[in-house]
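Here the structure is laid out as structure tokens; the discussion comes afterwards.
Atoms within a ligand are numbered from 1 in the order they appear, just like the ligands themselves. Only heavy atoms go into these numbers, but all of them, side chains included; no hydrogens, no water, no symmetry mates. Source: prediction; values computed, not measured.
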Amino acid sequence: MGISGGMADLTTLRDSLGALKDRERVAERLLAASARHSFDPDRELDWDQPWDPDLWYWPPELVSLYDTPLWYRMSREQRIALSRHEAAALASLGIWFELILMQLLVRHIYDKPATSAHVRYALTEIADECRHSMMFARVIKQGGTPAYPPAGPHHQLARVFKTFSTTPGSFVATLLGEEVLDWMQRLTFPDERVQPLIRGVTRIHVVEEARHVRYAREELRRQMVTAPRWERELTRLTSGEFARIFSVAFVNPQVYTDVGLDRREAVAQARASAHRREVMREGARRLTDFLDDIGVLRGPARHMWRRSGLLA
Ligand SMILES: [Fe+2]
Ligand SMILES: [Fe+2]
């Protein structure tokens with residue numbers, strides 16, 4: 001190795017030390033924000049309030065069949081019932097994502113110094129996700145619908161993923177799980193047409209989730225610079241596969257059967273809906289802009305994201 005090789009090594013070392021200092025600074029700020037704004041949903045929300053039969057459980061424009069021919073054949077009661085089941089399906093999806101994320105975070109910090117701010121923040125986030133999953137489970141139960149677990153093959157695929165994924169892949173999955181739902185929840189909690197309990201649940205989730213998105217983004221940005229080339233390539237390809245699974249698994253089609261609709265017809269109409277496509281793209285836009293910016297959406301990955309319907 002000549003002098004230039006040695007210099008390159010020094011530059012890499014300096015960059016990675018800089019990245020680590022930066023990592024600690026970000027974590028310190030997130031810890032301070034967590035200390036200021038954390039909620040205990042069991043105490044914070046009024047769980048005894050009755051549901052109002054005239055209010056929605058999810059903003060109608062965000063319900064999968066909105067503006068389809070089927071939607072116009074449904075009564076208002078049936079539309080509200082669909083919003084109730086879809087809210088439960090999304091809360092179930094949230095629990096699934098959070099269980100995966102908790103395991104990814106535990107794996108992420110397993111080899112890192114426990115006293116670092118980066119690890120202490122990860123533990124704080126795991127605690128947040130524990131409370132969220134309990135909150136989502138409670139609101140599903142309160143709504144009187146079934147829970148909607150992911151389809152068997154997705155459930156098993158995620159088992160492999162959460163056990164073996166590398167760090168950048170883990171953080172891409174995290175952001176996909178968090179950002180689209182977060183976008184919907186930001187429209188839900190201020191919406192006066194929606195049940196107060198759902199608004200409370202989504203408000204708590206939005207406040208605490210903003211920190212999680214920040215943490216995952218900062219880490220992924222670092223990883224896409226420091227990870228070896230094969231890992232960056234792998235991250236791009238797996239991200240495209242996540243996008244595909246995410247868009248298929250987003251609303252569990254059992255909800256259609258449960259409100260008395262023909263499942264196949266409903267799935268076909270939701271898939272054909274221009275409004276729905278726009279909602280999903282808009283929901284993913286902040287994320288896809290970011291992923292594009294840090295170089296995840298290159299090569300075949302870009303095509304896969306387009307096919308998933310999440311990228312224009
Ligand atoms: Fe969460
Ligand atoms: Fe989260």
Residues Arg236, Glu233; criterion side-chain contact (heavy atoms from CB on, under 4.5 Å); working and verdict: CA-CA 5 Å; Arg236 291 188 182 107; Glu233 283 302 335; 3.1 Å; yes
Hey, mind stepping through Arg276 and Phe250 against side-chain contact (heavy atoms from CB on, under 4.5 Å) and telling me if it holds? CA-CA 12 Å; Arg276 186 62 177 173; Phe250 194 70; 3.6 Å; yes
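The atom of His212 nearest to the Fe ion (ligand 2) is ND1, with the search restricted to N, O or S atoms. Closest approach between the Fe ion (ligand 1) and any N/O/S atom of Glu98 involves OE2.
Taking the Fe ion (ligand 1) as the apex, the angle formed with ND1 of His132 and OE1 of Glu209 is 90°, to the nearest 10 degrees. If you put the vertex on the Fe ion (ligand 2), OE2 of Glu129 and OE2 of Glu178 sit 110° apart, to the nearest 10°.
Taking 4.5 Å as the limit, every side-chain heavy atom of Val194 sits out of range of all side-chain heavy atoms of Tyr57.
The number of heavy-atom neighbours closer than 6.0 Å to NZ of Lys141, taken from other residues, nucleotides and ligands shown, is 12 or below.
Residue contact annotation: His205 places an N/O/S atom under 2.8 Å from the Fe ion (ligand 1).
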In residues 260-268, what donor-acceptor pairs under 3.5 Å come from side-chain atoms, sequence neighbours left out?
{"residue": "Asp262", "atom": "OD2", "partner": "Arg264", "partner atom": "N", "Å": "3.4"}
{"residue": "Asp262", "atom": "OD2", "partner": "Glu265", "partner atom": "N", "Å": "2.8"}
{"residue": "Arg263", "atom": "NH1", "partner": "Gln254", "partner atom": "OE1", "Å": "3.3"}
{"residue": "Glu265", "atom": "OE2", "partner": "Arg73", "partner atom": "NH2", "Å": "3.2"}

